[in-house]
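Okay, so here's the structure we're looking at.
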Amino acid sequence: MSDDAARRVFQSVDSFDPEEFGRLLAEDATLVFGNAEPLAGREAIVAGIRDFYSTIGGLRHRIVRDWRVDADVIAETEVTYRRLDGKDVSVVAVSIWRTRDDGLISDYRIFVDLAPVYSA
């Protein structure tokens, strides 16, 4: 069950379309990406994702392992980022999100060190 949920979410993220990702979110969702300030509300999250996408050339997730615990999905991934210089950099990340009864994500947290993505 969580495998399908994780695949669906990461396919949306990897589409590089912030609006597509936004369709997975509740209107009042929250998102915390690494050590960045939390984003509150679908509109703010979509804008934040759009800003983030402008700093990279693309990305793709490979699910290493995932779990579902009640309404929470926890996914360990290897994420390959395409830098703006065309080089690919892979890092390990953990994402945790909570879904409501209607299937929309209400809280999304991403734990990742992006330093290798932006280093010279």
Side-chain angles (χ1 to χ4, degrees):
M1 175 84 126
S2 62
D3 224 21
D4 291 339
R7 244 191 307 278
R8 180 175 59 100
V9 167
F10 293 124
Q11 284 174 346
S12 175
V13 172
D14 293 350
S15 76
F16 219 55
D17 178 354
E19 299 296 330
E20 182 175 329
F21 178 67
R23 287 191 280 280
L24 300 177
L25 303 173
E27 187 65 39
D28 62 347
T30 57
L31 178 127
V32 179
F33 191 111
N35 60 355
E37 288 296 314
L39 298 172
R42 180 187 302 139
E43 189 174 309
I45 295 168
V46 168
I49 295 295
R50 185 177 296 106
D51 289 346
F52 172 65
Y53 284 171
S54 74
T55 70
I56 59 174
L59 74 164
R60 69 181 178 280
H61 289 76
R62 183 179 69 82
I63 300 169
V64 175
R65 191 164 173 205
D66 62 301
W67 304 263
R68 183 170 197 113
V69 180
D70 299 323
D72 297 324
V73 175
I74 304 148
E76 175 188 355
T77 58
E78 178 185 61
V79 188
T80 302
Y81 292 92
R82 169 72 40 100
R83 296 169 21 150
L84 293 178
D85 65 6
K87 295 180 183 172
D88 288 343
V89 176
S90 295
V91 297
V92 173
V94 172
S95 298
I96 302 170
W97 63 88
R98 174 171 292 255
T99 54
R100 304 183 322 184
D101 289 341
D102 63 4
L104 294 175
I105 296 170
S106 60
D107 182 54
Y108 197 109
R109 297 162 190 256
I110 303 163
F111 300 90
V112 63
D113 177 7
L114 292 177
V117 176
Y118 298 107
S119 67

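We're numbering straight along the sequence, starting at 1. Remember, predicted model here, so these are calculated numbers, not experimental data.
In this structure a side-chain-to-backbone donor-acceptor pair under 3.5 Å is present from Ser15 to Asp17.
For the pair Arg100/Asp28, a side-chain contact is recorded, criterion being any heavy-atom separation below 4.5 Å from C-beta on. Residues Asp66 and Phe10 fail the side-chain proximity criterion, which asks for heavy atoms closer than 4.5 Å. Under the 4.5 Å side-chain criterion, counting only non-hydrogen atoms from C-beta, Arg50 is not in contact with Ile45. The closest side-chain heavy-atom distance from Leu25 to Leu104 is not below 4.5 Å.
Under the 4.0 Å criterion applied to side-chain N and carboxylate O atoms, Asp107 and Arg109 are assigned as salt-bridge partners.
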(request) Determine, stepwise, if the pair Leu59 / Asp14 fulfils side chain to side chain contact (heavy atoms under 4.5 Å, CB included). (result) CA-CA 6 Å; Leu59 74 164; Asp14 293 350; 3.8 Å; yes
(request) Any chance you could lay out the side chain to side chain contact (heavy atoms under 4.5 Å, CB included) test for Ile63 and Arg7, step after step, and finish with the verdict? (result) CA-CA 8 Å; Ile63 300 169; Arg7 244 191 307 278; 4.2 Å; yes
(message) Go through it in stages, so that I can follow the logic: the residues are Arg83 and Ser119, the test is side chain to side chain contact (heavy atoms under 4.5 Å, CB included), and I'd like the CA-CA distance, side-chain angles, deciding distance and then a yes or no.
(response) CA-CA 10 Å; Arg83 296 169 21 150; Ser119 67; 4.3 Å; yes
(message) Apply side chain to side chain contact (heavy atoms under 4.5 Å, CB included) to residues Arg42 and Leu24 and explain how you reach the verdict.
(response) CA-CA 9 Å; Arg42 180 187 302 139; Leu24 300 177; over 6 Å; no
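Scanning both residues, Ala26 and Ser106, for their nearest heavy atoms gives CB-CA, 4.4 Å. Counting all heavy atoms, side chain and backbone alike, Leu39 lies closest to Ala44 at CD1-O, 3.9 Å.
Aromatic ring orientation, Tyr108 versus Phe21: perpendicular (interplanar angle above 60°, classes split at 30° and 60°).
Expressed to the nearest 0.5 Å, how far NE2 of His61 lies from OG of Ser95 amounts to 5.5 Å. Rounding to the nearest 0.5 angstrom, the gap separating the CZ atom in Arg98 from the CD1 atom in Ile74 is 10.0 Å. To the nearest 0.5 angstrom, Arg82 atom CZ is 10.5 Å from Phe16 atom CZ. From Glu20, atom CD reaches atom CD of Gln11 across 8.5 Å, with rounding to the nearest 0.5 Å.
A side chain to side chain contact (heavy atoms under 4.5 Å, CB included) with Ile105 is found for one member of Thr30, Val9, Val73 and no other, namely Val9.
Val32 is not connected to Ile96 by any chain of hydrophobic side-chain contacts under 4.5 Å among Ile, Leu, Val, Met, Phe, Trp and Tyr, and they are in different clusters. One hydrophobic cluster, built from ILVMFWY side chains closer than 4.5 Å, holds both Trp97 and Phe52. When the side chains of ILVMFWY residues are joined at heavy-atom separations under 4.5 Å, either directly or via intervening members, Phe33 and Val89 end up in a single hydrophobic cluster. There is no path of hydrophobic side-chain contacts, each under 4.5 Å, that joins Val46 to Leu31. If you chain together hydrophobic residues whose side chains sit under 4.5 Å apart, Trp67 and Phe111 fall into the same group.
The environment of Glu43 atom CD is sparse: at most 12 non-hydrogen atoms of other residues, nucleotides or ligands sit within 6.0 angstrom. By the neighbour-count criterion of 12 heavy atoms within 6.0 Å, atom CG of Asp70 is sparsely surrounded, having that number or fewer from other residues, nucleotides or ligands. For Asp85, the CG atom sits in a packed shell: over 12 heavy atoms of surrounding residues, nucleotides or ligands are nearer than 6.0 Å.
Looking only at atom types and distance, the side chain of Tyr118 has a donor-acceptor partner in the side chain of Thr55 under 3.5 Å away.
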